[in-house]
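First up is the structure itself, then whatever we jot down about it.
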Amino acid sequence: MLKKGGFVLSAGLVVLLMVALIYQIKNKYYLDILFMTFFWASLAAAWNISGGYAGQFSLGHAAYVGIGAYSTALLYINFHVSPWIGMVVGGLFSALLALFIGVITVKVRGPFYTLITIAVAELLYISAIQLKELTHGSEGVSLPFKPGWVNMTFRERETYVVLALLFVALIYFITKTMERRRIGYYLIAIRENEDAARALGVPVKEMKLLATVLSAFLTAVGGAIYAMYIMFIEPDSVLSFAFSIQPALMSIIGGLGTSLGPLIGSFVLSPLDMFLRESFSHINGLNLLIYGFLLVQFVLFWPEGLWPNAVRVYRKWRSGGVETKS
(Lines give C-alpha, C1' and ligand atoms only; values in the text may rest on other atoms or scores of the structure.)
Protein backbone atom coordinates (compact mmCIF):
# COMPACT_ATOMS: atom_id res chain seq x y z
CA MET A 1 0.00 0.00 0.00
CA LEU A 2 1.27 3.47 -0.86
CA LYS A 3 2.27 5.74 1.98
CA LYS A 4 0.59 9.11 2.23
CA GLY A 5 3.34 10.99 0.38
CA GLY A 6 3.48 8.36 -2.35
CA PHE A 7 -0.28 8.40 -2.72
CA VAL A 8 -0.43 12.18 -3.12
CA LEU A 9 2.42 12.12 -5.65
CA SER A 10 0.83 9.30 -7.66
CA ALA A 11 -2.58 10.97 -7.65
CA GLY A 12 -1.01 14.27 -8.70
CA LEU A 13 0.81 12.65 -11.60
CA VAL A 14 -2.41 10.97 -12.77
CA VAL A 15 -4.25 14.31 -12.68
CA LEU A 16 -1.46 16.07 -14.60
CA LEU A 17 -1.48 13.33 -17.22
CA MET A 18 -5.25 13.62 -17.60
CA VAL A 19 -5.00 17.42 -17.94
CA ALA A 20 -2.44 17.00 -20.70
CA LEU A 21 -4.69 14.50 -22.48
CA ILE A 22 -7.73 16.76 -22.18
CA TYR A 23 -5.99 19.57 -24.05
CA GLN A 24 -5.24 17.15 -26.89
CA ILE A 25 -8.97 16.55 -27.49
CA LYS A 26 -10.53 18.97 -29.95
CA ASN A 27 -13.92 17.31 -30.51
CA LYS A 28 -16.52 19.30 -28.56
CA TYR A 29 -18.81 16.29 -28.20
CA TYR A 30 -16.09 14.25 -26.51
CA LEU A 31 -15.20 17.18 -24.28
CA ASP A 32 -18.84 17.47 -23.25
CA ILE A 33 -18.88 13.77 -22.37
CA LEU A 34 -15.75 14.25 -20.27
CA PHE A 35 -17.18 17.27 -18.46
CA MET A 36 -20.44 15.50 -17.64
CA THR A 37 -18.53 12.41 -16.52
CA PHE A 38 -16.39 14.44 -14.11
CA PHE A 39 -19.41 16.45 -13.00
CA TRP A 40 -21.44 13.35 -12.16
CA ALA A 41 -18.37 11.79 -10.53
CA SER A 42 -18.08 14.81 -8.22
CA LEU A 43 -21.76 14.64 -7.27
CA ALA A 44 -21.55 10.87 -6.69
CA ALA A 45 -18.40 11.20 -4.59
CA ALA A 46 -19.97 14.00 -2.53
CA TRP A 47 -23.18 11.97 -2.06
CA ASN A 48 -21.13 8.95 -1.03
CA ILE A 49 -19.76 10.77 2.02
CA SER A 50 -23.19 10.77 3.64
CA GLY A 51 -25.00 8.03 1.72
CA GLY A 52 -22.15 5.54 1.38
CA TYR A 53 -20.05 6.00 4.49
CA ALA A 54 -22.62 7.21 7.03
CA GLY A 55 -25.59 5.28 5.62
CA GLN A 56 -27.69 8.45 5.29
CA PHE A 57 -29.47 7.42 2.09
CA SER A 58 -30.56 10.77 0.70
CA LEU A 59 -32.57 11.18 -2.48
CA GLY A 60 -32.78 14.93 -2.14
CA HIS A 61 -29.33 16.13 -3.16
CA ALA A 62 -30.93 17.98 -6.08
CA ALA A 63 -31.75 20.63 -3.48
CA TYR A 64 -28.05 21.30 -2.89
CA VAL A 65 -27.26 21.32 -6.62
CA GLY A 66 -30.02 23.89 -7.13
CA ILE A 67 -28.93 26.07 -4.22
CA GLY A 68 -25.35 26.11 -5.45
CA ALA A 69 -26.39 26.92 -9.03
CA TYR A 70 -28.95 29.62 -8.17
CA SER A 71 -26.81 31.27 -5.50
CA THR A 72 -23.86 31.55 -7.85
CA ALA A 73 -25.92 32.75 -10.83
CA LEU A 74 -28.07 35.28 -8.98
CA LEU A 75 -25.16 36.80 -7.04
CA TYR A 76 -23.21 37.08 -10.29
CA ILE A 77 -26.05 38.69 -12.27
CA ASN A 78 -27.58 40.95 -9.62
CA PHE A 79 -24.56 41.95 -7.52
CA HIS A 80 -21.59 41.18 -9.82
CA VAL A 81 -20.15 38.79 -7.26
CA SER A 82 -17.53 36.48 -8.72
CA PRO A 83 -18.81 32.89 -9.17
CA TRP A 84 -15.76 31.71 -7.19
CA ILE A 85 -17.25 33.52 -4.20
CA GLY A 86 -20.82 32.65 -5.15
CA MET A 87 -20.07 28.93 -5.11
CA VAL A 88 -18.79 29.21 -1.54
CA VAL A 89 -21.90 31.16 -0.52
CA GLY A 90 -24.10 28.53 -2.17
CA GLY A 91 -22.13 25.83 -0.40
CA LEU A 92 -22.68 27.51 2.96
CA PHE A 93 -26.43 27.89 2.29
CA SER A 94 -26.59 24.20 1.41
CA ALA A 95 -24.60 23.28 4.50
CA LEU A 96 -27.07 25.21 6.67
CA LEU A 97 -30.01 23.44 5.04
CA ALA A 98 -28.29 20.08 5.51
CA LEU A 99 -27.62 20.94 9.15
CA PHE A 100 -31.29 21.78 9.64
CA ILE A 101 -32.39 18.52 7.99
CA GLY A 102 -29.84 16.59 10.04
CA VAL A 103 -31.03 18.07 13.32
CA ILE A 104 -34.73 17.37 12.71
CA THR A 105 -34.04 13.85 11.40
CA VAL A 106 -31.36 12.79 13.86
CA LYS A 107 -33.56 9.97 15.17
CA VAL A 108 -35.05 9.08 11.79
CA ARG A 109 -33.62 6.10 9.92
CA GLY A 110 -34.05 4.13 6.73
CA PRO A 111 -36.78 4.98 4.21
CA PHE A 112 -38.27 7.69 6.43
CA TYR A 113 -35.07 9.74 6.18
CA THR A 114 -35.04 9.19 2.42
CA LEU A 115 -38.64 10.40 2.10
CA ILE A 116 -37.86 13.57 4.07
CA THR A 117 -34.95 14.43 1.77
CA ILE A 118 -37.16 13.88 -1.29
CA ALA A 119 -39.80 16.19 0.19
CA VAL A 120 -37.26 18.95 0.87
CA ALA A 121 -35.92 18.77 -2.70
CA GLU A 122 -39.43 18.88 -4.16
CA LEU A 123 -40.28 21.84 -1.93
CA LEU A 124 -37.30 23.76 -3.28
CA TYR A 125 -38.20 22.77 -6.83
CA ILE A 126 -41.73 24.15 -6.44
CA SER A 127 -40.40 27.29 -4.72
CA ALA A 128 -37.99 27.93 -7.60
CA ILE A 129 -40.93 27.84 -10.02
CA GLN A 130 -43.23 30.02 -7.93
CA LEU A 131 -40.74 32.68 -6.73
CA LYS A 132 -40.54 34.35 -10.13
CA GLU A 133 -39.29 37.68 -8.76
CA LEU A 134 -36.20 35.91 -7.44
CA THR A 135 -35.58 32.95 -9.73
CA HIS A 136 -37.55 33.98 -12.87
CA GLY A 137 -39.52 30.76 -12.48
CA SER A 138 -39.67 28.40 -15.43
CA GLU A 139 -38.30 31.10 -17.75
CA GLY A 140 -34.91 30.49 -16.23
CA VAL A 141 -31.84 32.66 -15.79
CA SER A 142 -29.29 33.27 -18.54
CA LEU A 143 -25.77 34.08 -17.44
CA PRO A 144 -23.84 36.75 -19.39
CA PHE A 145 -20.89 35.48 -21.40
CA LYS A 146 -17.93 37.52 -20.12
CA PRO A 147 -14.84 35.32 -20.50
CA GLY A 148 -12.29 35.55 -17.72
CA TRP A 149 -11.04 33.61 -14.72
CA VAL A 150 -12.70 36.03 -12.30
CA ASN A 151 -16.07 35.29 -13.92
CA MET A 152 -15.36 31.54 -14.18
CA THR A 153 -16.29 31.84 -17.85
CA PHE A 154 -13.98 30.44 -20.51
CA ARG A 155 -13.93 30.36 -24.29
CA GLU A 156 -12.25 26.94 -24.36
CA ARG A 157 -14.36 23.99 -23.31
CA GLU A 158 -11.20 22.21 -22.21
CA THR A 159 -10.84 24.62 -19.27
CA TYR A 160 -14.25 23.66 -17.92
CA VAL A 161 -13.31 19.98 -18.22
CA VAL A 162 -10.06 20.56 -16.31
CA LEU A 163 -11.95 22.51 -13.63
CA ALA A 164 -14.39 19.62 -13.20
CA LEU A 165 -11.48 17.15 -13.08
CA LEU A 166 -9.70 19.14 -10.36
CA PHE A 167 -12.92 19.27 -8.34
CA VAL A 168 -13.27 15.49 -8.59
CA ALA A 169 -9.64 15.09 -7.50
CA LEU A 170 -10.30 17.37 -4.51
CA ILE A 171 -13.31 15.36 -3.35
CA TYR A 172 -11.41 12.10 -3.86
CA PHE A 173 -8.55 13.44 -1.73
CA ILE A 174 -10.98 14.51 1.00
CA THR A 175 -12.71 11.12 0.93
CA LYS A 176 -9.45 9.18 0.95
CA THR A 177 -8.09 11.23 3.84
CA MET A 178 -11.33 10.80 5.77
CA GLU A 179 -11.33 7.06 5.04
CA ARG A 180 -7.92 6.60 6.67
CA ARG A 181 -8.73 8.56 9.81
CA ARG A 182 -10.93 8.03 12.82
CA ILE A 183 -13.88 9.82 11.24
CA GLY A 184 -13.98 7.23 8.48
CA TYR A 185 -14.12 4.35 10.93
CA TYR A 186 -16.79 6.17 12.93
CA LEU A 187 -18.99 6.69 9.86
CA ILE A 188 -18.66 3.07 8.73
CA ALA A 189 -19.50 1.88 12.25
CA ILE A 190 -22.63 4.07 12.24
CA ARG A 191 -23.64 2.70 8.85
CA GLU A 192 -23.21 -0.92 9.90
CA ASN A 193 -24.90 -0.70 13.30
CA GLU A 194 -25.81 2.67 14.74
CA ASP A 195 -26.84 1.35 18.15
CA ALA A 196 -23.65 -0.66 18.56
CA ALA A 197 -21.56 2.34 17.48
CA ARG A 198 -23.28 4.55 20.05
CA ALA A 199 -22.72 1.93 22.76
CA LEU A 200 -19.01 1.91 21.93
CA GLY A 201 -18.78 5.67 22.42
CA VAL A 202 -19.00 6.87 18.83
CA PRO A 203 -20.48 10.42 18.69
CA VAL A 204 -23.23 9.33 16.31
CA LYS A 205 -25.15 12.58 16.07
CA GLU A 206 -22.08 14.74 15.46
CA MET A 207 -20.62 12.36 12.87
CA LYS A 208 -23.88 12.09 10.93
CA LEU A 209 -24.27 15.88 10.89
CA LEU A 210 -20.67 16.35 9.78
CA ALA A 211 -21.05 13.89 6.90
CA THR A 212 -24.35 15.44 5.79
CA VAL A 213 -23.06 19.02 5.94
CA LEU A 214 -19.81 18.21 4.10
CA SER A 215 -21.71 16.28 1.43
CA ALA A 216 -24.15 19.17 0.92
CA PHE A 217 -21.40 21.78 0.68
CA LEU A 218 -19.45 19.86 -1.96
CA THR A 219 -22.61 19.08 -3.93
CA ALA A 220 -23.51 22.78 -4.05
CA VAL A 221 -20.05 23.65 -5.36
CA GLY A 222 -20.58 21.07 -8.09
CA GLY A 223 -23.91 22.69 -8.91
CA ALA A 224 -22.18 26.07 -9.25
CA ILE A 225 -19.60 24.70 -11.68
CA TYR A 226 -22.38 23.09 -13.71
CA ALA A 227 -24.33 26.38 -13.85
CA MET A 228 -21.29 28.24 -15.17
CA TYR A 229 -20.78 25.54 -17.79
CA ILE A 230 -24.30 25.51 -19.24
CA MET A 231 -24.73 29.31 -18.73
CA PHE A 232 -28.49 28.90 -18.24
CA ILE A 233 -30.41 27.56 -15.28
CA GLU A 234 -34.06 26.88 -14.56
CA PRO A 235 -35.77 24.52 -12.11
CA ASP A 236 -35.80 21.51 -14.44
CA SER A 237 -32.11 21.90 -15.30
CA VAL A 238 -30.67 22.09 -11.77
CA LEU A 239 -33.41 20.88 -9.41
CA SER A 240 -34.71 17.84 -11.26
CA PHE A 241 -35.01 14.50 -9.49
CA ALA A 242 -32.20 13.14 -11.70
CA PHE A 243 -29.70 15.11 -9.64
CA SER A 244 -30.82 13.11 -6.62
CA ILE A 245 -31.09 9.71 -8.31
CA GLN A 246 -27.97 9.65 -10.50
CA PRO A 247 -25.33 10.26 -7.78
CA ALA A 248 -26.85 7.54 -5.59
CA LEU A 249 -27.12 5.18 -8.55
CA MET A 250 -23.52 5.73 -9.61
CA SER A 251 -22.28 5.17 -6.07
CA ILE A 252 -24.24 1.92 -5.79
CA ILE A 253 -23.03 0.63 -9.15
CA GLY A 254 -19.44 1.65 -8.46
CA GLY A 255 -19.33 0.60 -4.82
CA LEU A 256 -20.92 2.25 -1.79
CA GLY A 257 -18.61 3.46 0.97
CA THR A 258 -15.44 3.33 -1.14
CA SER A 259 -13.38 6.25 -2.35
CA LEU A 260 -13.08 5.01 -5.95
CA GLY A 261 -16.52 3.41 -6.30
CA PRO A 262 -18.53 6.55 -7.17
CA LEU A 263 -15.88 7.65 -9.67
CA ILE A 264 -15.89 4.29 -11.43
CA GLY A 265 -19.70 4.27 -11.44
CA SER A 266 -19.71 7.66 -13.13
CA PHE A 267 -16.97 6.74 -15.62
CA VAL A 268 -19.09 3.76 -16.69
CA LEU A 269 -22.64 5.15 -16.54
CA SER A 270 -22.18 8.74 -17.75
CA PRO A 271 -20.62 7.92 -21.16
CA LEU A 272 -23.00 4.97 -21.49
CA ASP A 273 -26.04 7.20 -20.92
CA MET A 274 -24.86 9.84 -23.40
CA PHE A 275 -23.90 7.24 -25.99
CA LEU A 276 -27.31 5.56 -25.79
CA ARG A 277 -29.13 8.89 -26.09
CA GLU A 278 -27.08 9.79 -29.15
CA SER A 279 -27.40 6.36 -30.78
CA PHE A 280 -31.14 5.82 -30.24
CA SER A 281 -32.45 9.38 -30.36
CA HIS A 282 -34.65 8.43 -33.35
CA ILE A 283 -36.67 5.96 -31.22
CA ASN A 284 -38.28 7.69 -28.27
CA GLY A 285 -37.54 5.94 -24.95
CA LEU A 286 -35.39 3.12 -26.34
CA ASN A 287 -32.23 4.53 -24.78
CA LEU A 288 -33.91 4.49 -21.34
CA LEU A 289 -35.07 0.91 -21.85
CA ILE A 290 -31.55 -0.28 -22.71
CA TYR A 291 -30.00 1.83 -19.93
CA GLY A 292 -32.40 0.40 -17.36
CA PHE A 293 -31.80 -3.16 -18.55
CA LEU A 294 -28.03 -2.71 -18.22
CA LEU A 295 -28.42 -1.25 -14.72
CA VAL A 296 -30.40 -4.32 -13.66
CA GLN A 297 -27.59 -6.54 -14.97
CA PHE A 298 -25.01 -4.56 -13.02
CA VAL A 299 -26.96 -4.97 -9.80
CA LEU A 300 -27.66 -8.67 -10.39
CA PHE A 301 -24.09 -9.69 -11.27
CA TRP A 302 -22.14 -7.22 -9.12
CA PRO A 303 -24.39 -6.38 -6.13
CA GLU A 304 -21.45 -5.08 -4.08
CA GLY A 305 -20.41 -2.68 -6.85
CA LEU A 306 -17.82 -2.72 -9.62
CA TRP A 307 -14.84 -1.59 -7.54
CA PRO A 308 -15.26 -4.01 -4.57
CA ASN A 309 -15.74 -6.90 -7.00
CA ALA A 310 -12.69 -5.86 -9.02
CA VAL A 311 -10.63 -5.79 -5.81
CA ARG A 312 -11.98 -9.21 -4.80
CA VAL A 313 -11.12 -10.72 -8.20
CA TYR A 314 -7.64 -9.20 -8.07
CA ARG A 315 -6.96 -10.57 -4.60
CA LYS A 316 -8.22 -13.97 -5.65
CA TRP A 317 -5.88 -13.91 -8.65
CA ARG A 318 -2.92 -12.82 -6.49
CA SER A 319 -3.59 -15.62 -4.02
CA GLY A 320 -3.65 -18.23 -6.76
CA GLY A 321 -7.41 -18.69 -6.86
CA VAL A 322 -7.95 -18.79 -3.09
CA GLU A 323 -10.60 -16.36 -1.82
CA THR A 324 -9.12 -13.86 0.65
CA LYS A 325 -10.91 -11.50 2.98
CA SER A 326 -10.14 -7.80 3.15
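Basis for what follows: all heavy atoms, side chains included, without hydrogens, waters or symmetry-related copies.
Ring-plane geometry between Phe38 and Phe267 is classed as perpendicular, the angle between the planes exceeding 60 degrees on a 0 to 90 degree scale with a lower cut at 30. Using cut-offs of 30° and 60° for the angle between ring planes, the Tyr160 and Phe35 rings count as perpendicular.
Thr114 contributes no side-chain N or O that, together with a main-chain N or O of Ser58, makes up a donor-acceptor pair within less than 3.5 Å. In this structure, Ser82 contributes its side chain and Asn151 its backbone to no donor-acceptor pair below 3.5 Å. Panel note: side chain Ser259, backbone Tyr172; no donor-acceptor pair is recorded below 3.5 Å. Judged by distance alone, with hydrogens and angles left aside, the side-chain atoms of Ser240 form no donor-acceptor pair with the main-chain N or O of Ser237 at under 3.5 Å. Side chain of Ser50 to main chain of Thr212: no donor-acceptor pair is present (N/O by atom type, distance under 3.5 Å, no hydrogens or angles). Here the side chain of Asn48 pairs no donor or acceptor atom with the backbone of Pro262 at under 3.5 angstrom. Side-chain atoms of Thr153 do not come within 3.5 Å of backbone N or O of Phe145 as any donor-acceptor pair. Ser266 contributes a side-chain N or O that, together with a main-chain N or O of Thr37, makes up a donor-acceptor pair within less than 3.5 Å.
Within 6.0 Å of CZ in Phe154 there are more than 12 heavy atoms belonging to other residues, nucleotides or ligands.
Side-chain atoms of Tyr113 and Arg109 include no donor-acceptor pair closer than 3.5 Å. Glu156 and Tyr23 share no donor-acceptor pair across their side chains, judged by distance under 3.5 Å alone.
Looking at Leu43 and Gln246, their side chains never come closer than 4.5 Å, going by heavy atoms from C-beta outward.
Among residues two or more places apart in sequence or in another chain, the salt bridge (Lys or Arg N to Asp or Glu O under 4.0 Å) test is passed with Glu278 by none. Judged as a ring pair (Phe, Tyr, Trp, His ring centres under 6.0 Å), and not counting sequence neighbours, Phe232 has no contacts. In terms of the side chain to side chain contact (heavy atoms under 4.5 Å, CB included) criterion, residue partners of Arg157 (sequence neighbours excluded) are, by chain and number, Lys28, Leu31, Asp32, Tyr229.
With ring centers used as reference points, Trp84 lies 6.0 Å or more from Tyr76.
The hydrophobic cluster around Leu209 extends to Leu99, Val103, Val213, counting ILVMFWY residues whose side-chain heavy atoms fall within less than 4.5 Å of a member. Here Val150 sits alone; no ILVMFWY side chain lies under 4.5 Å from its own, so it joins no hydrophobic cluster.
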Exercise for review: Take Leu239 and Tyr70 through the test side chain to side chain contact (heavy atoms under 4.5 Å, CB included) and record every step on the way to the result.
Suggested key: CA-CA 10 Å; Leu239 279 165; Tyr70 270 107; 4.1 Å; yes
Quick one: side chains of residues 292-305, donor-acceptor pairs under 3.5 Å with protein atoms, not counting sequence neighbours, listed by atom name and distance.
none

